[in-house]
Structures are given as C-alpha cells and as structure tokens.
Colleague: 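Below is the structure I would like to discuss, written out as structure tokens.
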Amino acid sequence: AGGVAGVCVDLILFPLDTVKTRLQSPQGFRKAGGFRGIYAGVPSTAIGSFPNAAAFFMTYEYVKSVLHHSSTSYLTPVTHMVAASFGEVVACLIRVPSEVIKQRAQVSPSSSTFRILSHTLYHEGIQGLYRGYKSTVLREIPFSLVQFPLWESLKDLWSWKQGHVVDSWQSAVCGAFAG
C-alpha cells in the first residue's frame, strides 16, 4: 500500500517538481528546459518510487512493532518518531539515487535516463548516485518526526470516535492532513 501511494503521489506531483528543480538550476529556468519536457526524468521516479515508499513503510511498521511492545502509552509518539526516522534512513538508500538521476534529467531534458545513469556511474562511481544522501536524510527526518506521530494520533482519535479501526480512505485523509 505504501509503495502504491508513493507512486501515485510522485507521478501526480512530478511536473511541479520539475518546475521547482529548473527554477533552482544554476543555468536558469529557460536554459534548464523551461516548460518543455516537463516529464523529463519520470522513468527514474517511476522505477524508484515504489521500492522507496515500500522500504519506508516496511521499516516504519517493523520498528514500530518492535518498540511498541516495550513502551508505555505516553511514549507512543516517540515510538512513531524513532520508527519514522529509521524508515527515512532506509528509504533514502533508494530515494537518493533516484532523485539524483531525476534531477539531472530535469535540467537536461534531451538526455535519456539511462544515459544520465551511465554517465554518472562512469564519471563519479556509485558515490555520485548518493550525492546529497546525508542532507536528504537530515531534511526528511524532521518532517517525519512531526508527520507520523500526528498521523497515528489522528487515526487513533478517528477510530475511538467511530468505535472501530479507520478504513483505508480515512487513514489517507489523516495522512494528508498530517502531511
């Protein structure tokens, strides 16, 4: 479910991400492609999105289940924070290479995703794919420290109000609000 949700979000928001990346490009918006090739780099996003989101939620749920057994109720938000942080560290192992290739394709819309991947590996090695890993993790963890305890609390509140566990669409509403 996390993998499918990740793909849906990434593909829907992809054009906005391309515009943002080109606006931030040192060569300028127009030279980076302007509004042409707005889906440049989408293959790397499509390929990386599912395993990235799936890895996050698998790690999140596993760590949450391990920590939940030994924690008291007032520590539950801390459990969610720790689980989300571990989830981000693992997910970024997939997300960062995908982002590196995607962003390079967004500012060079005439190059194919495969060509960019090959060029990066040839000239920079595997390290080139992980450029910005630490800063990405440091960016994602604070967001997750807020989002996931809030998401879990909203689901618990809604479940309590209606007397049964939330449906998947209700969980999605809670997640959208928490995000």
Side-chain angles (χ1 to χ4, degrees), residues 1-21 23-24 41-42 44-103 106 126-179:
V4 171
V7 169
C8 291
V9 168
D10 287 345
L11 294 179
I12 289 168
L13 297 178
F14 192 85
L16 294 173
D17 187 62
T18 300
V19 169
K20 176 193 70 115
T21 299
L23 286 168
Q24 294 172 339
V42 80
S44 67
T45 296
I47 291 167
S49 186
F50 186 92
N52 162 49
F56 173 86
F57 280 103
M58 286 172 32
T59 305
Y60 175 73
E61 292 295 336
Y62 175 75
V63 172
K64 191 172 75 167
S65 71
V66 168
L67 295 177
H68 187 68
H69 296 299
S70 62
S71 69
T72 57
S73 63
Y74 68 90
L75 289 178
T76 300
V78 175
T79 297
H80 298 143
M81 290 174 172
V82 171
S85 296
F86 274 100
E88 290 297 353
V89 169
V90 171
C92 282
L93 292 171
I94 299 165
R95 181 181 308 139
V96 170
S98 175
E99 285 281 314
V100 166
I101 300 304
K102 176 196 74 166
Q103 289 173 348
Q106 287 173 326
I126 197 81
Q127 304 94 308
L129 294 176
Y130 285 93
R131 183 177 300 252
Y133 175 81
K134 290 176 192 170
S135 61
T136 302
V137 169
L138 290 174
R139 178 194 73 195
E140 296 296 327
I141 287 178
F143 178 74
S144 292
L145 289 176
V146 174
Q147 182 185 20
F148 284 87
L150 183 56
W151 176 53
E152 297 284 0
S153 295
L154 291 171
K155 289 189 313 180
D156 289 345
L157 179 62
W158 200 337
S159 294
W160 177 74
K161 285 276 193 187
Q162 69 184 4
H164 61 85
V165 176
V166 294
D167 296 327
S168 56
W169 71 269
Q170 294 168 321
S171 178
V173 168
C174 293
F177 184 77

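Please read all numbers here as calculations on a predicted model, not as lab measurements.
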Colleague: Taking side chain as C-beta onward, heavy atoms only, is Tyr62 less than 4.5 Å from Val66?
Modeller: yes
Colleague: What residues form a side-chain hydrogen bond (donor to acceptor under 3.5 Å, both in side chains) with Thr18, not counting sequence neighbours?
Modeller: Gln106
Colleague: Which residues satisfy the salt bridge (Lys or Arg N to Asp or Glu O under 4.0 Å) test with Lys20, sequence neighbours excluded?
Modeller: Asp17
Colleague: Who pairs with Trp169 by ring pair (Phe, Tyr, Trp, His ring centres under 6.0 Å), at least two apart in sequence or on another chain?
Modeller: Trp158
Colleague: Listed by chain and number, what are the salt bridge (Lys or Arg N to Asp or Glu O under 4.0 Å) partners of Asp10, not counting sequence neighbours?
Modeller: none
Colleague: Show me the side-chain donor-acceptor pairs of residues 137-145 shorter than 3.5 Å, one per line, residues at least two apart or across chains.
Modeller:
residue : atom : partner : partner atom : Å
Ser144  : OG   : Glu88   : OE2          : 2.6
Ser144  : OG   : Glu140  : O            : 3.4

Colleague: Could you work out, with side-chain hydrogen bond (donor to acceptor under 3.5 Å, both in side chains) as the rule, every residue matching Gln24, not counting sequence neighbours?
Modeller: none
Colleague: Sequence neighbours left out, what passes side chain to side chain contact (heavy atoms under 4.5 Å, CB included) with Val78? Give chain and number order.
Modeller: Leu75, Val82
Colleague: Going by the rule side chain to side chain contact (heavy atoms under 4.5 Å, CB included), which residues pair with Val7 if we only count those two or more places apart in sequence or in a different chain?
Modeller: Leu11, Ser49, Phe50
Colleague: Would you confirm whether Trp151, through its side chain, and Gly179, through its main-chain N or O, come within 3.5 Å as a donor-acceptor pair?
Modeller: no
Colleague: So which pairs with a foot in residues 51-60 pass salt bridge (charged side-chain N to carboxylate O under 4.0 Å, His left out), sequence neighbours left out?
Modeller: none
Colleague: Name all residues meeting the side-chain hydrogen bond (donor to acceptor under 3.5 Å, both in side chains) criterion together with Ser98; count only those two or more places apart in sequence or in a different chain, and write none if there are none.
Modeller: none
Colleague: Among residues two or more places apart or on two chains, list those pairs meeting salt bridge (charged side-chain N to carboxylate O under 4.0 Å, His left out) that have a residue in residues 170-179.
Modeller: none
Colleague: Tell me which pairs pass salt bridge (charged side-chain N to carboxylate O under 4.0 Å, His left out) where either residue lies in residues 141-156, with sequence neighbours left out.
Modeller: Lys64-Glu152, Glu152-Lys155
